[in-house]
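Working notes, structure below.
Only heavy atoms go into these numbers, but all of them, side chains included; no hydrogens, no water, no symmetry mates. Below, read A as the first sequence line, B as the second, and so on, with proteins coming before strands; counting in each chain starts at 1. Quick caveat: nothing in here was measured; it's all calculated off a predicted structure.
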2 protein chains.
Amino acid sequence: MSARHRKMTHEDCPVREVLSRVGDKWSVHIVAVLREGSMRFSDLRRSIDGISQRMLTRTLRGLERDGLVTRTVTPTTPPRVDYALTPLGRTLLEPIMALAEWAETNRPAIHTARRRYNDAT
Amino acid sequence: MSARHRKMTHEDCPVREVLSRVGDKWSVHIVAVLREGSMRFSDLRRSIDGISQRMLTRTLRGLERDGLVTRTVTPTTPPRVDYALTPLGRTLLEPIMALAEWAETNRPAIHTARRRYNDAT
DNA sequence: CCGTATCCTACTGGATACTG
DNA sequence: CAGTATCCAGTAGGATACGG
């Protein structure tokens, strides 16, 4: 507890560390889609509207690297690669969903504030 | 509930909308510091290690714009400007803290996974 | 003290084309 | 099918200097 009241630095801040992990453009989408279960690369690509092949690969690599998803290769022809959430990846869903809840609840308030601010300038 | 099972698009995703809001480099720091109460610009600057004057101003503007912080000018000489969380801003603290909790709990696991991945390549 | 203006760098992410 | 390689545009953010 008291450890969190040290001087606020940018590095070594756990919140920022998660946000760097999940704050990019596609990570949460991928995690959200994989929530339903394992999925192969091409299906993942189709499920996530607008993602490029490059970014799908890159984001999956990052998530794999951090132990949030697994990558399973089946060396058939053509090859088949399946991705799934690890247990760790699944635990991430809870705080993500809390944030989602907050977002949906307060989206109108934010939009109103934003409009008011813009009108006042 | 079922509304969240529409096709997953990138725009109109509430989670991404919050992450765009707090996923930048400094927003969470500012919100975290303002948690303790109102603070003036220069003190805020000193409290947040490494932030530039430019980014502090910009981030505060963004938070103000979205109704998360208030900006109170006292026209003395020299001028004094105080920032504080709005009620809306304070409600954001809860999901943020949930994320922080997750981060602290699972940081070791992520670091281990990251090291293993790097060693394996 | 509290900003704004300018300039500059680095990184993110898209488009496209090419391999096993 | 599942990538990798290249190139390129947009933007976030730092440094610095100046103004009210």
Query raised in the report: A:Val81 has a side chain; which of C:dC1, D:dC1, D:dA2 sits nearest to it?
Result: D:dA2
Report summary line: For DNA chain D, the dot-bracket notation using Watson-Crick and G-U wobble pairs below 3.5 Å, [ ] for pseudoknot-type crossings and | for other-strand pairs, is ||||||||||||||||||.|
Report task. Taking only the side-chain heavy atoms of B:Pro78 (C-beta and beyond), determine which of D:dC1, C:dC1, C:dG3 contains the nearest atom. Result -> C:dC1
Protein-nucleic acid N or O pairs under 3.5 Å, nucleotides 9-17 of chain D:
| residue | atom | partner | partner atom | Å |
| --- | --- | --- | --- | --- |
| D:dG13 | OP1 | B:Lys25 | N | 2.9 |
| D:dG13 | N7 | B:Arg54 | NH1 | 3.2 |
| D:dG14 | OP1 | B:Lys25 | NZ | 2.6 |
| D:dG14 | OP2 | B:Trp26 | NE1 | 3.4 |
| D:dG14 | N7 | B:Arg54 | NH1 | 3.3 |
| D:dG14 | O6 | B:Arg54 | NE | 3.3 |
| D:dG14 | O6 | B:Arg54 | NH1 | 3.4 |

Query raised in the report: Salt bridge between A:Asp24 and A:Arg21, side-chain N to carboxylate O under 4.0 Å?
Result: yes
Report summary line: A:Asn106 meets the side-chain hydrogen bond (donor to acceptor under 3.5 Å, both in side chains) criterion, sequence neighbours left out, with none
Query - Between P of C:dG13 and CZ of A:Arg45, the distance in whole Å - result: 16 Å
**Report entry** Rounded distance in Å - CD (B:Glu64) to P (C:dG3)
**Finding:** 9 Å
Query raised in the report: Any donor-acceptor pair under 3.5 Å linking the side chain of B:Thr121 with the backbone of B:Asn118?
Result: yes
Requested in this report: For D:dT4, take OP1 and OP2 only and decide whether either is under 4.0 Å from a side-chain N or O of A:Thr57.
Outcome: no
Report summary line: Rounded to whole Å, the CZ-C1' distance (A:Arg61 to D:dG3) equals 7 Å
Query - Presence of A:Arg40 side-chain N/O under 4.0 Å of D:dC1 phosphate oxygens OP1/OP2 - result: no
Query raised in the report: What's the CZ-C1' distance between A:Arg71 and D:dC1, to the nearest Å?
Result: 12 Å
Report task. Give a yes/no answer on whether the side chain of A:Tyr83 brings an N or O atom under 4.0 Å of OP1 or OP2 in D:dG3. Result -> yes
Report task. Give every residue pair that meets the salt bridge (Lys or Arg N to Asp or Glu O under 4.0 Å) criterion with at least one member in residues 107-121 of chain A, sequence neighbours excluded. Result -> A:Arg107-B:Glu17, A:Arg114-B:Asp66
Query raised in the report: Are B:Val22 and B:Val31 close enough that some pair of their side-chain heavy atoms sits under 4.5 Å apart?
Result: no
**Report entry** Residues which pass ring-ring contact (aromatic ring centres under 6.0 Å, His included) with A:Trp102, listed by chain and number, not counting sequence neighbours
**Finding:** none
Requested in this report: Round to the nearest Å and state the distance from A:Leu56 atom CG to C:dG14 atom P.
Outcome: 11 Å
Query - Distance, rounded to the nearest Å, where B:Arg46 contributes CZ and C:dC2 contributes C1' - result: 12 Å
Query - Separation of D:dC1 P from A:Met39 CE (nearest whole Å) - result: 15 Å
Report task. With sequence neighbours left out, write down each residue that passes side-chain hydrogen bond (donor to acceptor under 3.5 Å, both in side chains) with A:Arg80, or none if nothing qualifies. Result -> A:Asp82
Query - Any side-chain heavy-atom pair of A:Leu85 and A:Leu63 under 4.5 Å - result: no
Query raised in the report: Atom CD1 of A:Ile30 to atom C1' of D:dA2: distance rounded to whole Å?
Result: 14 Å
Query raised in the report: Are A:Arg61 and A:Thr57 close enough that a side-chain donor and a side-chain acceptor fall under 3.5 Å?
Result: no
